[in-house]
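Below: the structure, in structure tokens.
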Amino acid sequence: MDVGQMQRSLIDYTAALFQEGFLDDQFTQLQQLQDESNPEFVFEVVSLFFEDTEKLLNELAIALSQQCADFKKIDAHVHQLKGSSSSIGANRVKNVCVAFRNSCEEKNTDGCLRCLQQIKHEYSLVKNKLENLFRMEQQIVAAGGSIPMME
């Protein structure tokens with residue numbers, strides 16, 4: 001595959017992530033902050049999101065496994081996850097966090113457990129999709145091309 005084809009594939013793949021609701025405009029804004037002085041900016045920010053999310057998901061699982069769940073603490077974790085997913089444009093993760101916070105407000109343990117499973121699922125999907133996106137970008141750069149920007 002030549003560089004032009006790889007670039008078109010990347011544009012199509014990225015467009016699909018937006019169309020399928022995995023990403024929103026916040027991701028585009030994040031990309032616009034990247035420049036020659038910091039070419040790894042988006043990768044670094046998203047990698048931090050991955051690390052933080054893994055920790056938060058573990059903390060949520062532990063908190064929800066307690067005999068008497070501390071919904072205030074659970075809600076604080078979900079609020080943090082909602083903010084970080086929103087800041088990178090992980091739209092579907094953010095949307096599940098809204099429902100999760102509602103379950104916390106209602107002190108609904110079953111609802112919280114369902115939302116935790118949904119978040120794990122959506123997070124896993126967006127993580128795989130973004131890792132693939134970064135791999136495609138690396139292949140384009142390795143082939144001597146530049147990363148095309150979405151219109």
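The first residue of the sequence shown is numbered 1, and numbering continues consecutively from there. Just so it is clear, the structure is predicted and the values come from calculations on it, not from any experiment.
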*asked:* Counting C-beta onward and ignoring hydrogens, is there a side-chain heavy-atom pair between Ser85 and Arg92 closer than 4.5 Å?
replied: no
*Just how far is it from atom CD of Gln29 to atom CD1 of Ile88, taken to the nearest 0.5 Å?*
13.5 Å
*Quick one: closest heavy-atom pair of Phe49 and Ala90, and the distance?*
CZ-CB, 4.3 Å
*Where do Met6 and Gln139 come nearest, in terms of heavy atoms and distance?*
CE-O, 4.0 Å
*Judged by atom type as modelled, is there a donor-acceptor pair below 3.5 Å linking the side chain of Gln34 to the main-chain atoms of Leu30?*
no
*asked:* Give me the atom names and distance for the closest heavy-atom approach of Asp25 to Phe18.
replied: N-CE2, 4.1 Å
*May I ask whether Ile119 and Val98 are part of the same hydrophobic cluster, defined by side-chain heavy atoms of I, L, V, M, F, W, Y residues being less than 4.5 angstrom apart, directly or through others?*
no
*asked:* Could you tell me if the side chain of Asn91 sits less than 4.5 Å from the side chain of Phe22, heavy atoms only?
replied: no
*Is there side-chain contact between Phe27 and Leu133, with at least one heavy-atom pair below 4.5 Å?*
yes
*asked:* If I compare all heavy atoms of Cys115 with all of Ala99, which pair ends up nearest, and what's the gap?
replied: SG-C, 3.8 Å
*Is any side-chain heavy atom of Lys127 less than 4.5 Å from a side-chain heavy atom of Glu54?*
yes
*Counting N and O atoms only, with roles assigned by atom type, does the side chain of Ser86 sit under 3.5 Å from a partner on the main chain of Gly83, one being a donor and the other an acceptor?*
no
*If every non-hydrogen atom of Ala61 is compared with every non-hydrogen atom of Lys120, which pair is closest and at what distance?*
CB-NZ, 4.4 Å
*Would you name the heavy atoms of Pro148 and Ile140 that are closest together and state the gap between them?*
CD-CD1, 4.5 Å
_Just verifying a value: how many Å separate Asn95 CG and Lys82 NZ, rounded to the nearest 0.5 Å?_
9.5 Å
*Leu23 side chain reached by Leu130 side chain, heavy atoms, under 4.5 Å*: yes
*Report the residues that fulfil ring pair (Phe, Tyr, Trp, His ring centres under 6.0 Å) with Phe134, sequence neighbours left out, ordered by chain and then residue number.*
Phe43
_Salt bridge check, Glu122 against Lys94: does any charged N sit closer than 4.0 Å to a carboxylate O?_
no
*Can any side-chain N or O of Gln80 pair as donor or acceptor with the backbone N or O of Leu56 at less than 3.5 Å?*
no
*Enter the distance from Ile147:CD1 to Met136:CE here, rounded to the nearest 0.5 Å.*
10.0 Å
*Phe100 side chain near Arg114 side chain, heavy-atom distance below 4.5 Å*: no
*Test side-chain contact (heavy atoms from CB on, under 4.5 Å) applied to Lys107 and Cys112, step by step*: CA-CA 8 Å; Lys107 297 183 178 4; Cys112 286; over 6 Å; no
*Mind checking the CG-CG spacing from Asn38 to Leu33? Nearest 0.5 Å is all I need.*
10.0 Å
*Tyr13 side chain to Lys129 main-chain N or O, any donor-acceptor pair under 3.5 Å?*
yes
*Out of curiosity, Ile74 CD1 to Cys104 SG, how far, rounded to the nearest 0.5 Å?*
5.5 Å
*Which distance, rounded to the nearest 0.5 Å, do you find between the CG of Asn58 and the CD1 of Ile62?*
6.0 Å
*Ignoring hydrogens and geometry, is there a side-chain-to-backbone donor-acceptor pair from Asp75 to Phe71 under 3.5 Å?*
no
*Looking only at atom types and distance, does a side-chain atom of Arg101 sit under 3.5 Å from a main-chain N or O of Ala76, one as donor and one as acceptor?*
no
*Would a distance-only check, ignoring hydrogens and angles, find a side-chain to backbone donor-acceptor pair under 3.5 Å from Ser124 to His121?*
no
*asked:* Within a 6.0 Å radius of atom CD on Glu44, are there more than 12 heavy atoms belonging to other residues, nucleotides or ligands?
replied: yes
_Expected output: side-chain Thr53 to main-chain Phe50 donor-acceptor under 3.5 Å_ = no
